[in-house]
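For reference, the structure discussed in these notes is given below.
All figures in this text were calculated on a predicted structure; none of them were measured in a lab.
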Amino acid sequence: MPTDHDAKHDTPSPSARSAASLDHTNEKTDGIETLEPILAAAPEGAHTLTKLDSKVVEAKDKSPDPFAHLPEDEALVLRNQVDTPDVDVGYFTLFKYANGRDWAIFSIAVFCAIVAGAAMPLMTVVFGGLAGQFSSYFQGQIPYAQFEHKLSTMVLYFIYLAVGSFITTYIYVTGFVFVGEHCAQKIREQYLRAMLRQNIGFFDDLGSGEVTTRITADTNVIQDGISEKLGLTLNALATFISAFVIAFVRSWKLTLILISGVVTIVVVMGVGGSTMVRLTQQTQVEYGKSGTVAEEVLSSVRNAMAFNTQEKLARQYDAFLRRAEKDGRRVQSMQGTMIAIMMCIVNLMYGLGFWEGSRLLVAGELNVSKILTVNFAVIIGSFSLGNVAPNAKAFASAVAAGKKIFGSIERNSPMNPDSEDGLKPDSLVGTIELKGIKHIYPSRPEVTVMDGVNLLIPAGKQTALVGASGSGKSTIVGLVERFYDPVRGQVFLDGRDVRDINLRWLRQQIALVQQEPVLFSTTIFENISYGLQGSQWDSVSDDKKADMIYDAAKMANAHDFISALPDGYNTKVGQRGFLLSGGQKQRVAIARAVVSDPRILLLDEATSALDTKSEGVVQAALDKAAQGRTTIVIAHRLSTIKNADNIVVMSAGKIIEQGSHDVLLDKKAAYFNLVEAQRIAAEQDADGNDIEATEEVDTGKSEALKAIEKGTFIADPADADPAKLTRTQTEQSKSSLIMAQRKQEADKKYSLWTLIKLVWSFNRKEWPLAVVGFFFSAIAGAGQPVQSIFFAKSIQTISLPPSMYGKLRHDIDFWCLMYLMLAFVLLISNAAHAWAFGFCQEAIIHRARIKAFRTLLRQDVAFFDEEKNTSGGLTSFLSVTIIDLAGLSGSTLGTILMVSTTLVAGLIVSLVIGWKLALVCIGAIPILIGCGYLRFSMLSRFQARSKAAYEGSAGFACEATSAIRTVASLSREGDVWDKYHGQLEVQAQKSFKSVLKSSLLFAASQSLVFLCVALGFWYGGTLIAKHEYSMFQFFVCFQSIIFGAQSAGTIFSFAPDMGKARHAAEDLKRLFDRKPTIDSWSEEGERLEHMDGYIEFRDVHFRYPTRPDQPVLRGLNLTVKPGQYVALVGASGCGKSTTIALMERFYDPIPVTGSGVFVDGKDISKLHLNTYRSHLALVSQEPTLYQGTIRENILLGADREDVPEEEIVKACKNANIYDFIMSLPEGFSTVCGSKGTLLSGGQKQRVAIARALLRNPKILLLDEATSALDSESEKVVQAALDAAARGRTTIAVAHRLSTIQKADIIYVIDAGKVVEQGTHNELLGKRGRYAELVTLQSLEKGA
């Protein structure tokens, strides 16, 4: 979203706009609200604070046409910036980027898939033919020699089928995967190219994760729908058609009768499948809600710890899990019932086939061979149809995903950086002029951000823009860069309308430095070199480029700190530059901006996110960079723009005054009021001699400050310690020696038995159900061997000679009734074990999740600091990994029992009835089980591989699109695309090699079955020829072992992945076994019933466990008396927030004798943790609110359940939020939205203060509680904080010194030690560090 306007702050109506105030993080919102109360007032005019920051933020429904209320010409400008064309996407549109080679491979693959599909039904012909030969031989209709010859021929057919199946399967799988991958790669490339040429307004309208989702998930869905699944579907359809062609050719009557079974299967699968999809979606919705709760809690875990709300939040999470468990059980039951009905129908079809076949046989219309062929063909055909249905969903999903992606690819951007259209002037002076500008953001059409603005920005001069949040400052930067087009008016550059100038050329003349600089995940050298792309210097020699980069770094005051790093300019900065401090990142961004010597420099709050000391360094670099260029500066901190040639004051989208700093102060109007709002008041005593204090500040400038004014540089504290980017330790302090002794946690290994015990411990209550499940699993497993006896008996019966047809009809009736009985036994047993284990499995997942969630909340903060334990990773562990536990639950063991019963019973039956053939067939068991398992595991491998292969490049593409403003301003679009293309090419080659290997295994799994069947038939036939075995013996052995092993292999594939389950169980066990050092479950330690609030830090040393080589506190000593208001100030990284964290006991200091944190004279590490924390309340910089109502969020502050209404009201009144809450239609029942997004920054902060006050804490900790707010919201919140601090021991950390000047005592911390202490006036008198910080922030005229 653009920083200028965030959807959080929807303006209800023009009348509601005036007094609203917004947090500084969403700096510039609707462009209307904020300044009037302050600007309209004379200096002495006071406004009641309650009026400020009280706008109700509503989530609005989008109307069909959001631009309907605007004049047509304005609406057209906005529509062009956001509209995406509707494109018709059919299935074959997905192959749009296929080339000639792709189509040739595709045609061969289609042919091979159809041929491979016909192989299985052809096997039924050979199988039926062989069985017919056996029957004829036994009836004496053919001699031994002829039988032997026929047997060899038929067995050879099996071998031919095996070879043919192997070759065609290998070709079609490889072909489809290759074509699918190639087309998906082209779609990815086209999509990224299309995204990079879109205008910024288009991105504002997209959700933050949308591009990421499209380029990762959606392209994977397309690839899934056009790769091997297409081949498998064609293969299954070919099997279905050829099976029924064969069946109809052999006997149309019998086939038509058996089709009833096929129809039943299709209906059952259709109805059951759609029900399962619906139920699964319901389950996913509930799991989604629980995942949101988990993510909110884990991303703000410090807050949960500080307020002891772990158990309350766990109960909230559990409520969603219970609902999901209920839906999950229904899904499991449905799935079990469907499989049970399928097994039932197959046996009914066998019975029906033999019964009707025997009638036709007696009537002389059929022989044994045809009956068997038709029976097998119809059953194989109907099962192959079952393989089409799941793939059809993949095709539909691919087309749906394609619609979204092709819509974006086809979109013409109104501001296309790839276009060659437009003027490219030979020279540029740099005069910018805005005439009659009216601007509306396309994503917020109801808000006019700027109206009637005329502004001249002279060439080579510095123009500063100031004003409150949302006044339209950043909008000017966006219009000059041409990120947006205004709806009225024009922007001129050297007298030319920027719309007539070539966009890429325009952006190459302008350099932009933003508040949050975006660095790319590469080296510092490369990051700076991006500033040269597309400029006249792009093609100069490498040496010349390097010189330019070093010069730019020197100009940006970055060369020294870069050179001090171990790898110098080749240091990798990490994703988004997170390995550098704020000031360092900002200076690299400045170097990148100035390296191409641009004529125009835009600085959008380039220093506002920095602390005073880093700000000085960066500001000095900016002042140097701005010399001789047209510069536009936006600043919240007015101290940074005092020297500008022209200061433009904006309010509500209009310019209200302009002039130099001194001229505007003399006017005593809007600018003067803004300065007043930020001014640090020198303490005024009764005689009113504040001028004296100011002079003290003025004359007390430190050396460092004078250095800045002379133009030389002071050091950024972060530069002094490159430890963050690896450093060798030369000398060791006592704390580093202690840290070195702390052992790293080693990953424990657990035996499989331990893990099974863990998983089963979640199912203790359900053990009777599990016993029922095991019992029915065994019965279901015995179905196959029993069926093989019925099958052999049926074949033996229909092979009787014509003289015994009476007996044949009588016996076949009996065996068909046996099939009927078996069908219903299998129906009941399969359904019962699925229901029982489904129930158990859902219980395991629910209990494991809630226990894991509670255990995560038990961990200490050090655990969450580790890189692997991000909130996203832990949420994914709770939602995804724990589901994998099913692989070690009862259902898997039930499946193993079922398979074992099938095999063991089959072996016993066949060894008893015919041990010779049984022994030969047993040799094929491992191959058959392996084939069944491999077939499915390869298919899941194909899917997993394509996802994993593209994760890296997707990450790169997402990094670029999420930083689209930076990419656009640097004209990096072409370079990003080239790099992405290169990554995809490498991945495609790797991927293809792995497909060649895995396709071999898949093809082998399909064809080896034929060879095993051939072996069984050949040896069995030989035994029959010698009259050693009867047909009954042969078919029992053959059916129970060969078909039994095949079905066993297939069943295995349905079992959840045991490998994943083992990993999941190990992760869980490791988590459950981890006992944190600071344990909120512990009952140890002294319970403090009463606290006075006397705080002492005695020689405290501390290093963060994740950065043991970087000392933070190095012997900190400070004292806070009960009821005192103490402020901690200092540069960023000096240890202020760490002090607060140690007070909350998020960490323990390094144990040095006599040192520690003491409250009322007691070492806090010896106190009962939860009781101790109940006396504290924390208000941090980023207030944490959870989904739910305002009341629920405030109640999280209370340690008890029954909080009277009066207390809540009192806390809200003290927090200065009660009137605002009551003005909302729903009052306390107003929903806050996820992470409190429906409230503004100031409102959220005051709800957080009310929550803190509800605890009635003895000690109040304020960690930069107002630093993220603009001046007005800060006033309101500061008033609430001042009220809250009365009568309590308070420790406040502040960047803005104006907020803490009335503190009883101020401690100045530097490099982990207190360097100065005293009141505001005392410290000013010392003219030391504090005076330096004050002067740097001072806004006094001439200061």
Side-chain angles (χ1 to χ4, degrees), residues 87 89-113 116 168-196 214-235 391 394-395 397-406 408-410 938-939 941-957 976-1000 1002-1003:
V87 286
V89 174
Y91 181 69
F92 282 97
T93 316
L94 303 177
F95 293 94
K96 183 176 179 179
Y97 301 109
N99 54 26
R101 182 190 61 182
D102 292 337
W103 284 116
I105 294 172
F106 185 80
S107 310
I108 296 166
V110 168
F111 174 74
C112 288
T168 51
T169 303
Y170 184 65
I171 292 172
Y172 93 73
V173 171
T174 313
F176 277 117
V177 171
F178 175 79
V179 172
E181 215 157 83
H182 190 242
C183 290
Q185 179 187 335
K186 286 275 177 279
I187 289 171
R188 285 183 174 99
E189 289 176 358
Q190 293 296 336
Y191 180 71
L192 182 65
R193 175 171 273 161
M195 281 295 106
L196 291 172
R214 296 274 168 275
I215 215 154
T216 48
D218 286 359
T219 47
N220 281 339
V221 167
I222 291 177
Q223 188 172 325
D224 197 30
I226 60 176
S227 299
E228 73 280 351
K229 282 197 173 155
L230 178 57
L232 292 166
T233 305
L234 284 173
N235 181 276
N391 293 342
F395 303 145
S397 304
V399 172
K403 201 170 171 58
K404 298 170 194 162
I405 284 181
F406 282 102
S408 302
I409 291 176
E410 300 294 318
M938 281 302 130
L939 291 181
R941 273 262 291 279
F942 283 141
Q943 265 181 303
R945 178 194 48 74
S946 67
K947 277 186 189 149
Y950 291 100
E951 264 169 13
S953 59
F956 172 78
V976 167
W977 189 85
D978 290 339
K979 286 199 165 137
Y980 183 63
H981 173 71
Q983 287 184 7
L984 287 186
E985 286 292 315
V986 172
Q987 283 162 358
Q989 283 173 358
K990 271 192 202 159
S991 177
F992 189 57
K993 282 177 189 159
S994 86
V995 169
L996 288 175
K997 289 179 198 158
S998 47
S999 300
L1000 269 177
F1002 182 72

Exercise. When you look at Tyr170 and Leu996, which way does the side-chain contact (heavy atoms from CB on, under 4.5 Å) test go after all the steps?
Worked result: CA-CA 9 Å; Tyr170 184 65; Leu996 288 175; 3.5 Å; yes
For a quick test of reading the model, state the closest non-hydrogen atom pair linking [X] to [Y] and the distance between them.
| X | Y | answer |
| --- | --- | --- |
| Val221 | Ala401 | CG1-CB, 4.1 Å |
| Gly175 | Ile105 | CA-CG2, 3.7 Å |
| Ile222 | Ala398 | CG1-O, 3.7 Å |
| Ala98 | Cys183 | CB-SG, 3.8 Å |

Ignoring hydrogens and geometry, is there a side-chain-to-backbone donor-acceptor pair from [X] to [Y] under 3.5 Å?
| X | Y | result |
| --- | --- | --- |
| Trp977 | Glu189 | yes |
| Thr93 | Gly90 | yes |
| Tyr91 | Gly225 | yes |

Is the shortest heavy-atom distance from the side chain of [X] to the side chain of [Y] under 4.5 Å?
| X | Y | value |
| --- | --- | --- |
| Leu94 | Val89 | yes |
| Val177 | Phe992 | no |
| Tyr980 | Leu196 | no |
| Ile187 | Phe406 | yes |
| Leu192 | Val976 | yes |
| Leu234 | Tyr172 | no |
| Tyr191 | Thr219 | no |

Please report the interatomic distance [atom1]([X]) to [atom2]([Y]), rounded to the nearest 0.5 Å.
| X | Y | atom1 | atom2 | answer |
| --- | --- | --- | --- | --- |
| Thr168 | Ile108 | OG1 | CD1 | 13.5 Å |
| Ser397 | Asn220 | OG | CG | 12.5 Å |
| Glu985 | Lys990 | CD | NZ | 13.5 Å |
| Ile171 | Phe176 | CD1 | CZ | 12.0 Å |
| Lys229 | Asn235 | NZ | CG | 15.0 Å |
| Leu984 | Glu181 | CG | CD | 10.0 Å |

Exercise. Is there a donor in the side chain of Gln185 and an acceptor in the side chain of Gln223, or the other way round, less than 3.5 Å apart?
Worked result: no
[X]: salt bridge (charged side-chain N to carboxylate O under 4.0 Å, His left out) partners, not counting sequence neighbours:
| X | result |
| --- | --- |
| Glu410 | Lys96 |
| Lys404 | none |
| Asp218 | Arg214 |

Exercise. Are Trp103 and Phe106 close enough that their ring centres sit under 6.0 Å apart?
Worked result: yes
For this session: Measure the acute angle between the ring planes of His182 and Phe178, then classify it against the limits of 30° and 60° as parallel, tilted or perpendicular.
Result: parallel
For this session: Check step by step if side-chain contact (heavy atoms from CB on, under 4.5 Å) holds for Phe95 and Asp102.
Result: CA-CA 9 Å; Phe95 293 94; Asp102 292 337; over 6 Å; no
Problem set entry | Over 12 non-hydrogen atoms of neighbours within 6.0 angstrom of OH in Tyr97 | yes
